[in-house]
Protein chains: 2
Amino acid sequence: MGSVKTPYRSDALRSAHRIAQDLHAAGAIDKATMRRFDVSCLTPVEELRPEAIRAIRETAQMSQAIFAMALNVTTSLVSKWERGEKKPGGPSLKLLALASRKGIDAIL
Amino acid sequence: MGSVKTPYRSDALRSAHRIAQDLHAAGAIDKATMRRFDVSCLTPVEELRPEAIRAIRETAQMSQAIFAMALNVTTSLVSKWERGEKKPGGPSLKLLALASRKGIDAIL
DNA sequence: TGAACCATAGCACAAAGTACCATATTTTTC
DNA sequence: GAAAAATATGGTACTTTGTGCTATGGTTCA
């Protein structure tokens, strides 16, 4: 299940974004309050192809071993990701998305 | 496995930190180069008790549902974490550690 | 020659994470 | 006040991520 398919994870969040839109349009809301309702500020998480994962790592100029430590996973797993043997799951995809969009420093 | 027990994940990283120490002491190394060898700059990841996880979420002033979206996991799982029914794994612990040490904004 | 880093590869296995549901409590909204 | 929606718990069944271990070959450097 792609994080792309369902913008809201089939939960009690159907109107979260709509409410935030209204509040945001209405006036000034501090980011802390906003956060409680709005979800559009989240880093988009999409599925990553093996080459994309490798690209993220090579952009960071890291070996698989070091990269794995940064993500707190095993070297074995990073290798499997890059060869398409396994696909990163929810939390892993989030970390990879952060590294990809905000730079590797964001997760160090 | 506990990220605390083995500083280096039983990999070919036995001397990574030592080498970095030497190089760093030797003179000026840009952060990019440093990163390849040194691991001491990583956010420490320790196991979290259920209450600690809830504390992180409540500090962020988020519902379980929103918090789950931020971590790209299901609401069900966050609930289980906070009740001790399940324990966050490698990548999840990293995200929680980032949120705990650098603030929730670090993972949005 | 060998010590160390790098990446691939395979296997077995525990448990993390998912999906779905029902229920109860609180908060919001009209 | 009642209706509606958000919140959190609880449980069950299932998938497969992620771990751990070991072996291999290629590369670099002393």
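When reading the values below, keep in mind they use all heavy atoms of this one structure, side chains included, and skip hydrogens, waters and symmetry mates. Letters A, B, ... are given to chains in the order of the sequence lines, protein chains preceding strands, and every chain is numbered from 1.
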Look only at the side chain of B:Lys94 and the backbone of A:Ile107, and say whether a donor-acceptor pair between them is shorter than 3.5 Å.
yes
[X] side chain near [N] phosphate (N/O to OP1/OP2, under 4.0 Å):
X	N	result
A:Trp81	D:dT17	no
B:Thr74	C:dT18	yes
A:Arg83	C:dA7	no
B:Thr75	D:dT7	no
A:Arg54	C:dT8	yes
B:Ser79	D:dA8	no
B:Ser63	D:dT7	yes

Nearest-Å distance, [atom1] ([X]) to [atom2] ([N])?
X	N	atom1	atom2	answer
B:Met62	D:dA8	CE	C1'	17 Å
A:Leu77	C:dA9	CG	P	15 Å
B:Ile53	D:dA8	CD1	C1'	16 Å
B:Arg57	D:dT7	CZ	P	10 Å
B:Gln64	D:dA8	CD	C1'	5 Å
A:Lys86	C:dG10	NZ	P	13 Å
A:Leu93	D:dT16	CG	P	15 Å
B:Leu71	C:dG17	CG	C1'	13 Å

Rounded to the nearest 0.5 Å, what separates atom [atom1] in [X] from atom [atom2] in [Y]?
X	Y	atom1	atom2	result
A:Gln61	A:Ile104	CD	CD1	11.0 Å
B:Ile53	B:Ser79	CD1	OG	11.0 Å
B:Ser100	B:Arg57	OG	CZ	14.5 Å

Mind running side-chain contact (heavy atoms from CB on, under 4.5 Å) on B:Leu98 and A:Leu95 for me, showing each step along the way?
CA-CA 10 Å; B:Leu98 286 172; A:Leu95 283 169; 4.1 Å; yes
Relative to the 5' end of DNA chain D, which residue comes earlier, B:Val78 or A:Lys80, by the nucleotide with the nearest heavy atom?
B:Val78
Select from B:Pro91 and B:Glu82 the residue whose nearest nucleotide in DNA chain D is closer to the 5' end of that strand.
B:Glu82
